[in-house]
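As the structure is a computational prediction, the values presented were derived from the model and not from experiment. Both counts, for ligands and for their atoms, begin at 1 and track the order of listing. These values consider heavy atoms only, across backbone and side chains, with no hydrogens, waters or symmetry-generated copies.
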Amino acid sequence: MRGGRVWDVIVVGAGFAGVYSVYKLRRMGFSVQAFEAGGDVGGTWYWNRYPGCRCDIESIYYSYQFDDDLQQEWEWTERYASQPEIQSYISHVADRFDLRRDIRFNTRVTAARFEEASGDAPSHWTVTTDDGKTCKARFCVMASGVLSTPSLPDIPGRNTFAGKSYHTGRWPHEEVDFTGLKVAVIGTGSSGIQSIPLIAEQAEHVTVFQRTPNYAVPAGNRPLDPHELSEVKSRYGEIRAASKKGFTALPFKPAGRSALAVSDREREEVYEQWWRDHGLAFQGAFADLLFDAEANRTAADFVRRKIRELVDDEKLAELLTPDFALGCRRMCVDTDYYPTYNRENVTLVDIRREPIESIVPGGIRVGGTLHAVDAIVFATGYDAITGALLAMDPSGRNGLSLREKWAQGPRAYLGLATHGFPNLFMVNGPGSPSVLINMVTGIEQHVDWIADCMVHIRDRGLSAIEAMAQSEDEWAVHNDEVAQKSIRGDCASWYTGANIPGKPGGFLPYVGGFPAYVKRCEQVVEEGYAGFALT
Ligand code: N01
């Protein structure tokens, strides 16, 4: 073929998904070229360096399991790993398996195009990068991340601000010092909730602009006792096996009881214990919290009472109290979030009814009042799940644009592939469990499935695999049905694309749980890649 080397696989992104893809595909004998917009591996963890950035899945689970030596040698120091520790971990993985040589850093993929076979040249993908170069491969794996495209709201006057502004998902690498400054934080999702308490400790004053209050449960972070860690390591295999049976790919046994089947006193005791000990898993304290509105209300009321206990000012507590079902929007895990509002240097501005009017050089204007600030932190989230894919707008068979194809909402069979885009795979694509489960375990399952599929194609002398339109439609219908059974489908949130103006609605991740999803993926393979066309 003219035009230089054709790789077996192009991998887009070098976060947890891209790094494991490079490792796995190389091991399976494929030549791999990966591209990463950042200066190092890590993906979302490379970019999110804001104060308090920390994972809300426990470190012993939020880690790879593909290599036992790796999991035995790495020493997590805290129950929930901080961003710097996760960054060191993923960097260690890249070094240990010599993965960097296949990754081109500081290089963003801006376009991807499928080229049909012509003459004796087989079909292939051509990707274009922001340095104007192109690269070709038989397969393309989009490991571009689900929370990797920051969303910066289009507030009038945003660019006129005279001070410094930051997005939590694009935090500078050098230290940001807020000492003596008046700081605005816009947004009270996980990123806002983690960063506000630490910014408040440093800044002269923090003004939080809140549109929607969220439920936050205490992280209960602590140093990991070395004995505890060795005990985990001695039975890591068992723990990982149990995780794979867990609904969220975590090794927790599902609570068997309904919240409505126990006495008020027992329910309260259970909530107290889960509030104290279980972080994000609080929403699993009873079996039906995510499925039954009445059961859910008991948990929501418990957290609402906690907010009232933790926040001294009654009116402030009221403003911080969510009125929707718990877990419907992504729950947050915090350290000292609610008590931060008892500090004299923290003000909450409720912008639910009266949105931000404008940003002016000296601050933020709401309802005619100027809140004078020296710096603005946008903790305003992401164009989740589809944002990074659509930013590249891959074009498939006959020049079909992914943006056009997904104009009414994304369609992807098992969240792995989409009709019209042969040999293009997505890791954590729309319709996969992705953000609803332990992402690292989900990523390993996805990448293993994709790698096995490529081996299948190679070993049988086939040229391409493509999701059938009917199978992705059926998967979308199934996904909607499962979402409707869960209270998660009841709220407008980034799960449904509602945070991005103009984004089509529909529940983006698969809500049916990890085991059901894996079973379906395995069944598809057993049935000869049912629902895919192999040519
Ligand atoms: O983003 P978000 P995030 N004017 O979308 C507000 C993961 N994560 O970066 O809710 C005013 O949750 C918006 O208001 P509203 C985790 O999965 C994990 O915090 O749209 N406000 C909301 O309050 C998480 O869920 C970890 O009304 C505006 C906030 O900005 C996901 O990433 C840590 C606005 C955005 O919240 C995203 O979290 C961090 C506007 N125009 C993130 N536009 C851990 O592992 C938006 N907002 C712990």
Check: Should the ring pair Phe209 and His371 be called parallel, tilted or perpendicular, given that the plane angle runs from 0 to 90° and is split at 30 and 60?
Finding: perpendicular
Check: What atoms in ligand 1 come closer than 4.0 Å to a heavy atom of Ile351?
Finding: 11 (C)
Margin query: So, 4.0 Å and heavy atoms of Val435: is ligand 1 close enough to count as a contact?
Written below: no
Next item on the list: Using heavy-atom distances, let me know which of Thr188, Val185, Leu147 sits nearest atom 23 (O) of ligand 1.
Entry: Thr188
Notebook entry, point to check: Against heavy atoms of Gly189, which atoms of ligand 1 measure under 4.0 Å?
Noted result: 12 (O), 19 (O), 23 (O), 29 (C), 36 (O)
Margin query: I need the atoms of ligand 1 closer than 4.0 Å to a non-hydrogen atom of Ile186, numbered in the order shown.
Written below: 11 (C), 21 (N)
Item checked: N or O pair under 3.5 Å between Ser191 and ligand 1 -> yes
Check: Looking only at heavy atoms, is any part of Ala379 under 4.0 Å from ligand 1, and if so is it the side chain, the backbone, or both, or is it neither?
Finding: backbone
Note to self: Please determine whether the number of non-hydrogen atoms from other residues, nucleotides or ligands lying under 6.0 Å from atom NZ of Lys244 exceeds 12.
What the structure shows: no
Note to self: Over 60° means perpendicular and under 30° means parallel, so tell me whether Tyr61 and Phe252 are parallel, tilted or perpendicular.
What the structure shows: perpendicular
Next item on the list: Provide, to 0.1 Å, the distance between atom 27 (O) of ligand 1 and the closest protein heavy atom, together with that atom's residue and name.
Entry: Thr212 OG1, 2.4 Å
Item checked: Gln194 to Cys53 - nearest heavy-atom pair and separation -> OE1-CA, 3.6 Å
Note to self: Once you measure the plane-to-plane angle for Trp475 and His478, does it fall in the parallel (<30°), tilted (30-60°) or perpendicular (>60°) bin?
What the structure shows: tilted
Notebook entry, point to check: If you measure from each heavy atom of Arg329 to ligand 1, is any distance below 4.0 Å?
Noted result: yes
Notebook entry, point to check: Which class fits the ring pair Phe16 and Tyr64: parallel under 30°, tilted 30 to 60°, perpendicular over 60°?
Noted result: tilted
Notebook entry, point to check: With a 4.0 Å heavy-atom cut-off (strictly under), which part of Arg54 contacts ligand 1: side chain, backbone, both or neither?
Noted result: backbone
Next item on the list: Check Phe302, Phe282, Phe324 against Tyr215 for a ring pair (Phe, Tyr, Trp, His ring centres under 6.0 Å) and give me the one that passes.
Entry: Phe324
Check: Just heavy atoms, cut-off under 4.0 Å: does Tyr50 contact ligand 1 by side chain, backbone, both, or neither?
Finding: side chain
Check: Can you list the atoms of ligand 1 that are under 4.0 Å from a heavy atom of Tyr382?
Finding: 9 (O)
Next item on the list: Measure up the Tyr517 and Tyr510 rings against each other and bin them: parallel (under 30°), tilted (30 to 60°), perpendicular (over 60°).
Entry: tilted
Notebook entry, point to check: Looking at atom 43 (N) of ligand 1, what's its closest protein heavy atom, distance included?
Noted result: Arg211 NH2, 3.5 Å
Next item on the list: Tell me which protein heavy atom sits closest to atom 37 (C) of ligand 1, plus the residue, atom name and distance to 0.1 Å.
Entry: Trp494 NE1, 3.8 Å
Note to self: Any atom of ligand 1 sitting under 4.0 Å from a heavy atom of Phe209?
What the structure shows: no
Checklist line | Least distance between heavy atoms, Arg352 atom then Pro213 atom | finding: NH2-CD, 2.8 Å
Item checked: For Cys55, the ligand 1 atoms whose distance to one of its heavy atoms is below 4.0 Å -> 45 (O)
Check: Minimum heavy-atom separation for Ser434 to Ile385, with atom names?
Finding: OG-CD1, 4.1 Å
Note to self: Heavy-atom distances under 4.0 Å decide this one: backbone, side chain, both or neither, for Ile356 against ligand 1?
What the structure shows: neither
Next item on the list: Sort out for me which residue in Ile155, Thr207, Val377 forms a side chain to side chain contact (heavy atoms under 4.5 Å, CB included) with Ile186.
Entry: Ile155
Check: Tell me, which protein residue and heavy-atom name are nearest atom 6 (C) of ligand 1, and how many Å apart are they?
Finding: Gly187 CA, 3.7 Å
